[in-house]
Amino acid sequence: MAVLAVQHIRKMRGGAQGHLMLGADGNAYVVKFQNNPQHLRVLVNELMATRLAAAAGLTVAPSDVIEVTEWLVENTSELVLDLGPRQERCKAGLCFGSQLVGGLMPGHVADYLPEEQLAAVKNVEEFAGILALDKWTCNANGRQAVYAKKTREKRYTATFIDYGYCFNAGEWVFRDSPLRGVFQRNVVYREVRGWESFDPWLSRIEQLSEQAIWEIAEAVPPQWYHGDITAMEALVEQLVRRRSRVRELIEGFRESSRAPFPNWGKSAKIAVAAGFEDPAWADQIKDGPVM
């Protein structure tokens with residue numbers, strides 16, 4: 001059953017032009033509509049990849065199908081999409097919703113952290129796990145995360161967001177490339193020392209049953225892919241086959257010009273002594289797309 005949207009709160013940043021809305025369950029959701037500027041299938045990608053990540057034990061925002069009524073769209077002037085020279089009303093019906101990280105209560109949420117704080121994120125080791133997920137699903141976008149902490153906490157926790165470009169966005173083809181689906185700054189990979197650093201997430205992906213993948217696919221509203229069962233079956237079959245290729249795809253990134261894992265094969269003691277600096281090309285842009 002879909003969660004009913006009961007109130008519009010504000011428009012969000014990002015290419016899909018999501019809107020923050022209050023659900024009847026009391027949670028705030030970033031809602032993406034069927035007529036978003038990216039592609040209808042982006043909704044499928046968001047729901048499936050988020051739930052695949054959750055099945056692997058990664059930190060994601062809970063996601064759901066959100067019902068936005070015609071009445072709410074017609075009576076909320078802000079529910080529009082900017083499509084170049086014109087605007088279009090958001091399409092009522094079943095939408096994708098991702099719970100707002102940090103919720104509406106006071107706290108600290110950021111989409112960028114300075115190097116020192118990023119390295120100290122509580123679950124920084126999960127960046128290896130989300131890399132495995134992004135390689136499996138052929139995420140054509142850079143990895144996005146937001147960071148949240150409660151008022152009295154000193155360190156942030158990363159939540160991995162934005163899966164719309166998994167499966168190569170609306171194309172549902174898998175064009176793999178070493179630098180696709182990776183985080184822009186190497187500091188999050190400092191503690192990767194070998195294949196053991198990718199567990200338990202990588203092993204969970206490799207061992208995820210075909211039935212579990214199908215159950216996630218069957219939760220997707222058919223109107224999000226125009227009822228094209230053949231295309232959905234092909235997508236699931238690709239995911240099933242690719243479980244055994246994830247290590248190969250990670251290896252391609254490891255051997256790339258990024259040199260992302262400087263401590264591969266080193267013990268923790270040796271790595272600490274050697275230290276590590278990000279290369280000159282490391283991305284220092286402080287503003288990126290969120291949701």
Side-chain angles (χ1 to χ4, degrees), residues 2 12-19 29-56 58-66 81 90-91 93-99 101 129-146 159-177 180-183 201 205 208 212-243 245-246 249 288-291:
M12 303 294 287
R13 292 187 292 126
Q17 297 189 32
H19 288 255
Y29 291 87
V30 178
V31 176
K32 297 183 180 180
F33 292 82
Q34 292 185 37
N35 59 333
N36 74 84
Q38 293 178 330
H39 201 282
L40 173 62
R41 285 179 174 177
V42 162
L43 308 188
V44 181
N45 305 347
E46 288 278 12
L47 188 65
M48 284 189 62
T50 300
R51 293 189 173 179
L52 290 170
L58 292 159
T59 303
V60 297
S63 62
D64 221 319
V65 179
I66 307 296
L81 301 170
C90 294
K91 184 177 179 179
L94 299 182
C95 308
F96 169 79
S98 178
Q99 286 188 24
V101 176
I130 197 65
L131 174 64
L133 188 285
D134 285 326
K135 289 301 181 183
W136 178 34
T137 58
C138 191
N139 188 353
N141 201 0
R143 167 45 45 208
Q144 301 292 327
V146 291
T159 298
F160 302 106
I161 63 166
D162 198 353
Y163 298 83
Y165 275 64
C166 291
F167 322 135
N168 206 30
E171 296 185 27
W172 285 9
V173 294
F174 293 78
R175 297 191 181 101
D176 297 306
S177 175
R180 275 190 164 190
V182 304
F183 192 70
W201 311 286
I205 290 170
L208 191 64
I213 299 171
W214 267 113
E215 287 175 355
I216 289 171
E218 288 168 353
V220 176
Q223 53 265 54
W224 290 1
Y225 53 95
H226 294 305
D228 189 344
I229 302 299
T230 301
M232 177 59 81
E233 288 177 346
L235 177 63
V236 172
E237 288 168 2
Q238 283 267 47
L239 286 170
V240 170
R241 287 196 296 268
R242 288 172 62 88
R243 291 172 301 178
R245 290 196 58 215
V246 179
L249 297 169
V290 175
M291 297 293 186

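Predicted, not measured: the structure shown is a model, and the values here were computed from it. FYI, side chains are in, hydrogens and waters are out, and symmetry mates aren't considered; it's all heavy atoms of this structure.
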**Request:** Could you tell me whether a side-chain N or O of Tyr165 sits under 3.5 Å from a main-chain N or O of Asp162, the two making a donor and an acceptor?
**Result:** no

**Request:** State, with a plain yes or no, whether a side-chain heavy atom of Leu43 is found less than 4.5 Å away from one of Leu94.
**Result:** no

**Asked** Closest heavy-atom contact between Ala217 and Val236?
**Response** CB-CG2, 3.7 Å

**Request:** Mark yes or no for whether Arg13, through its side chain, and Gly18, through its backbone, hold a donor-acceptor pair below 3.5 Å.
**Result:** no

**Asked** Going through the distances and angles, do Ser98 and Glu46 end up as a side-chain contact (heavy atoms from CB on, under 4.5 Å)?
**Response** CA-CA 9 Å; Ser98 178; Glu46 288 278 12; over 6 Å; no

**Asked** Got a second to check how far Cys90's SG is from Asn35's CG, nearest 0.5 Å?
**Response** 6.0 Å

Could you list the donor-acceptor pairs under 3.5 angstrom formed between side-chain atoms of residues 168-176 and any protein atom two or more places apart in sequence or on another chain?
from: Asn168; atom 1: OD1; to: Arg180; atom 2: NH1; distance (Å): 3.3
from: Asn168; atom 1: ND2; to: Glu171; atom 2: OE1; distance (Å): 3.3
from: Glu171; atom 1: OE1; to: Arg175; atom 2: NH1; distance (Å): 2.5
from: Glu171; atom 1: OE1; to: Arg175; atom 2: NH2; distance (Å): 3.4
from: Trp172; atom 1: NE1; to: Asn45; atom 2: OD1; distance (Å): 2.9
from: Asp176; atom 1: OD1; to: Arg242; atom 2: NH1; distance (Å): 3.4
from: Asp176; atom 1: OD1; to: Arg242; atom 2: NH2; distance (Å): 2.8
from: Asp176; atom 1: OD2; to: Arg242; atom 2: NH1; distance (Å): 3.0
from: Asp176; atom 1: OD2; to: Arg245; atom 2: NH1; distance (Å): 3.4

**Request:** Under the side-chain contact (heavy atoms from CB on, under 4.5 Å) rule, what do Glu215 and Arg51 come out as? Steps first, then yes or no, please.
**Result:** CA-CA 10 Å; Glu215 287 175 355; Arg51 293 189 173 179; over 6 Å; no

**Prompt:** Any sub-3.5 Å donor-acceptor pair from Asp134's side-chain atoms to Leu131's backbone N or O?
**Reply:** no

**Request:** Begin from the C-alpha positions of Ile216 and Met48 and carry the test side-chain contact (heavy atoms from CB on, under 4.5 Å) through to its verdict.
**Result:** CA-CA 6 Å; Ile216 289 171; Met48 284 189 62; 4.1 Å; yes

**Asked** Heavy atoms, side chains only, cut-off 4.5 Å: are Thr137 and Phe167 in contact?
**Response** yes

**Test item: His39 side-chain N/O and Arg41 main-chain N/O as donor-acceptor pair under 3.5 Å** = yes

**Item:** Distance, nearest 0.5 Å, that separates CG of Leu47 from SG of Cys95
**Value:** 12.5 Å

**Message:** Could you walk me through whether Val30 and Ile161 satisfy the side-chain contact (heavy atoms from CB on, under 4.5 Å) test, starting with their C-alpha distance in whole Å, then the side-chain angles of each, then the deciding distance to 0.1 Å, before giving a yes or no?
**Reply:** CA-CA 11 Å; Val30 178; Ile161 63 166; over 6 Å; no

**Message:** Tell me whether Trp136 contacts the main-chain N or O of Leu239 through its side chain, where contact means a donor paired with an acceptor under 3.5 Å.
**Reply:** yes

**Request:** Look at the side chain of Gln99 and the backbone N and O of Tyr29, then say whether any donor-acceptor pair between them is shorter than 3.5 Å.
**Result:** no

**Message:** Measuring from atom CG of Leu58 to atom CH2 of Trp201, what distance do you get when rounded to the nearest 0.5 angstrom?
**Reply:** 7.0 Å

**Message:** With a 3.5 Å distance limit and no angle check, can you tell me whether Asn139 reaches the backbone of Asn141 through a side-chain donor-acceptor pair?
**Reply:** yes

